[in-house]
Amino acid sequence: MQKNSAEGILKDVFGYDAFRGKQLEIIENVVAGNNVLAVMPTGAGKSLCFQVPGLMRDGLTIVVSPLISLMQNQVEALKIAGIEAETINSNNSEEQTRKIWQKINAGTLKFLYVSPEKLMTERMLDHVDELNINLFAIDEAHCISQWGAAFRPEYEDLAFLHNRYPKTPIIALTATADSGTRNQICDKIFSGNVTSYLAGFDRPNIALNVEIKAGWKQQLLKFMKGRPQSENGIVYCLSRKKTEEATAILIESGYNALPYHAGMAGEARERNLNRFMTEPDLIMVATIAFGMGIDKPDIRFVFHTDLPGSPEAYYQEIGRAGRDGEPAVAHMIYGLDDIRMRRMFIDNENSEPDLKRRGHQRLNLLLSYAEAPECRRVTLLKYFGDDPEYEKCGNCDLCQTPRATIEAKEAGQKFISAIFRTGQSFGVAHIVNIVLGKMSDKISQLNHDMLPTYGVGKGYSASDWKTIARQLMARGFIVSDMEFGSLKITEKGFELLRGNGDFRYRPDVTFKKSAKSSNKKTAAAIRDLADADQDLYLKLKNLRKEIAAERSVPAYIIFSDKSLVDMAVQKPTSVDEFGDVYGVGAEKQKKFGKKFTDFIAENLV
Ligand code: ADP
Ligand code: ZN
């Protein structure tokens, strides 16, 4: 094995056979001493882009990261792989920090994780001046942009880094950077002297499903039934109350679920977050208060019980799934009420007309994703400025079950006409009754059965009409009044009434089963294990849990599920054979080889 080649380190230290995507190109560039900006989606493997060069070059790599939990996780993972890594942060005792400095001064430490505010103090920099720094890695580099929601003023000071250390390469990494943010990173951190790598936003391993809301509790349970009994997942709910309800339903049905929302006492919330981050096979039921710093790699699904506020929020939330590159599912349910609710939020939250307008625009884009005529992924990626090479991803509900849209201009006109003739002061249910020619107290009192549009829509069912109403709304022909839910006609809607423009609608389907096919690899590999192997796999999981608890680290830091499946299939009984298991590098082979292979030998049937 060549110690200093990138491939050698990949195999020897991390136990992987091949680089993914642009990893190798980036690594080579950094090793050559160049500055790099790497914009890669979550799960693409950004960490290796600075960890491998850091190991290839002499000296210390300083990694700047915004969150203590992120730093700790990475440090633990490196340590278990046998690499000298530490973090200096406000949680350290003086004694700990002193010991770390001893290692730094002795030249034995390879990676030092610090926050930007810690690094950019004059005192720290004076120390750094004396050291042999081989690389600065700036993680979550988008925090430097004032436009983003994650802006951290401390990041701005990092702009001084390249002036003070002109000979040391800097790599900046982020998963979320639109062109404006990218330009700010290039300007501030690099003064323009940088090679950028843009890996695109596609997360092909995440299946995308959107289903129309029809009883969220049953829909959630039905989705869960199609999944393996134990795995990591996130269920997002809009309200605290719903978070509690969903947790209770899941627990009742035998799932391991925890709530997380802003209404909980800080301590209980911390505890649940900590459990989610460290224990395997947990479902976190959360409001959006749960987010930043969730880098558990083996989250298998994200279920939205309500519509998020924007495509950005949606993409960030589903992006927590499948960071390990294994199949994962994003399943969202949404309905008419979601649209109304979101519009109301936007109007109440923003006093500035400009912000309001942009809020509605972004919501409209998310709605056009939810009501997309074909491939959802293509719709989403185009929104983020990607230009996918395919027309159909094959891994969204619309690619898997194409649903034709139906020409429905006349139906749209009838519906809008009924809204118009009743003075734009009634909600969906009443208008649907009118076009269907139904009788209700309201209709007879108001003489709405005398309207020319009364009963003109008998060709469609009540549920078809609700779908039509929702899609008219999603496409901006009508809007729903915030307070009373009465329907109003937009300029576009009046145009349609006059015969201008088109309207096609797509009948709703309810999902028969959760998208099983989209969870092929590891989950299917687990299901497909022979009974005896399955048994061994579950035992190995327990062993992993014990070892993780002993060391107080998250289970996945010891081994991924994929590694355990590989062990259950290969059944290595010598430390030597153990080295061939997926994700086993030299250090893990040494640390865990005996324990696991003895265990496997004992449990062989
Ligand atoms: P990011 O920071 O881009 O979200 P990470 O660096 O956390 O992603 O990597 C995600 C997961 O993929 C980690 O478990 C990591 O070990 C794994 N990984 C990264 N590169 C490779 C590779 N070349 N082969 C196999 N697994 C990889
Ligand atoms: Zn698709």
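When a ligand or atom number is given, it counts from 1 through the structure's own listing order. For the numbers below, each heavy atom of this structure counts, side chains included, while hydrogens, waters and symmetry mates do not. Everything numeric in this text was worked out from a predicted model, so none of it was measured. Nothing fancy with the numbering, it's 1 onward along the sequence.
- If you check each of Glu326, Lys562, Arg323 against atom 2 (O) of ligand 1, the one with the closest non-hydrogen atom is Arg323.
- Note on Arg544 versus Asp561: salt bridge recorded, some NZ/NE/NH1/NH2 to OD/OE distance being below 4.0 Å.
- A salt bridge between Asp397 and Arg376 is present, with a side-chain N of the basic residue lying under 4.0 Å from a carboxylate O of the acidic one.
- For atom 16 (O) of ligand 1, the closest non-hydrogen atom on the protein side is Tyr16 OH, 2.8 Å.
- For atom 25 (C) of ligand 1, a protein heavy-atom neighbour is present inside the 4.0 Å cut-off.
- Contact check on Glu587 versus Lys590 returns a salt bridge, with a Lys/Arg side-chain nitrogen under 4.0 Å from an Asp/Glu carboxylate oxygen.
- Ion pairing of Asp298 with Lys562 is absent here, as no side-chain N (NZ or NE/NH1/NH2) approaches a carboxylate O to less than 4.0 Å.
- Remark: Asp17 engages Lys11 in a salt bridge, criterion side-chain N to carboxylate O under 4.0 Å.
- Heavy atoms of Ala18 come nearer than 4.0 angstrom to ligand 1 in at least one pair.
- Counting heavy atoms under 4.0 Å from ligand 1, residue Tyr582 touches it through the side chain alone.
- Contact annotation: for Gln23 versus ligand 1, heavy atoms closer than 4.0 Å belong to the side chain alone.
- Ligand 1 lies within reach of Ala44, whose nearest heavy atom is under 4.0 Å from it.
- Classification of Asp324 and Arg300 as a salt-bridged pair holds, one side-chain N sitting under 4.0 Å from a carboxylate O.
- With respect to atom 8 (O) of ligand 1, the closest heavy atom belonging to the protein is Gly45 N, 3.3 Å.
- Proximity annotation for atom 18 (N) of ligand 1: of Gln74, Gln51, Arg20, Glu140, Arg20 comes nearest, heavy atoms only.
- Using a 4.0 Å cut-off between a side-chain N of Lys or Arg and a carboxylate O of Asp or Glu, Asp508 and Arg403 do not qualify as a salt bridge.
- At a 4.0 Å heavy-atom cut-off, ligand 1 touches Phe19 through the backbone alone.
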Problem set entry | ring pair (Phe, Tyr, Trp, His ring centres under 6.0 Å) assessment of Phe276 paired with Tyr260 | CA-CA 10 Å; Phe276 181 67; Tyr260 186 94; 9.2 Å; no
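- Taking atom 6 (O) of ligand 1 as the reference point, the nearest protein heavy-atom neighbour is Ser47 OG, 2.8 Å.
- Taking a cut-off of under 4.0 Å to the non-hydrogen atoms of Leu48, the atoms of ligand 1 that pass are 19 (C), 20 (N), 21 (C).
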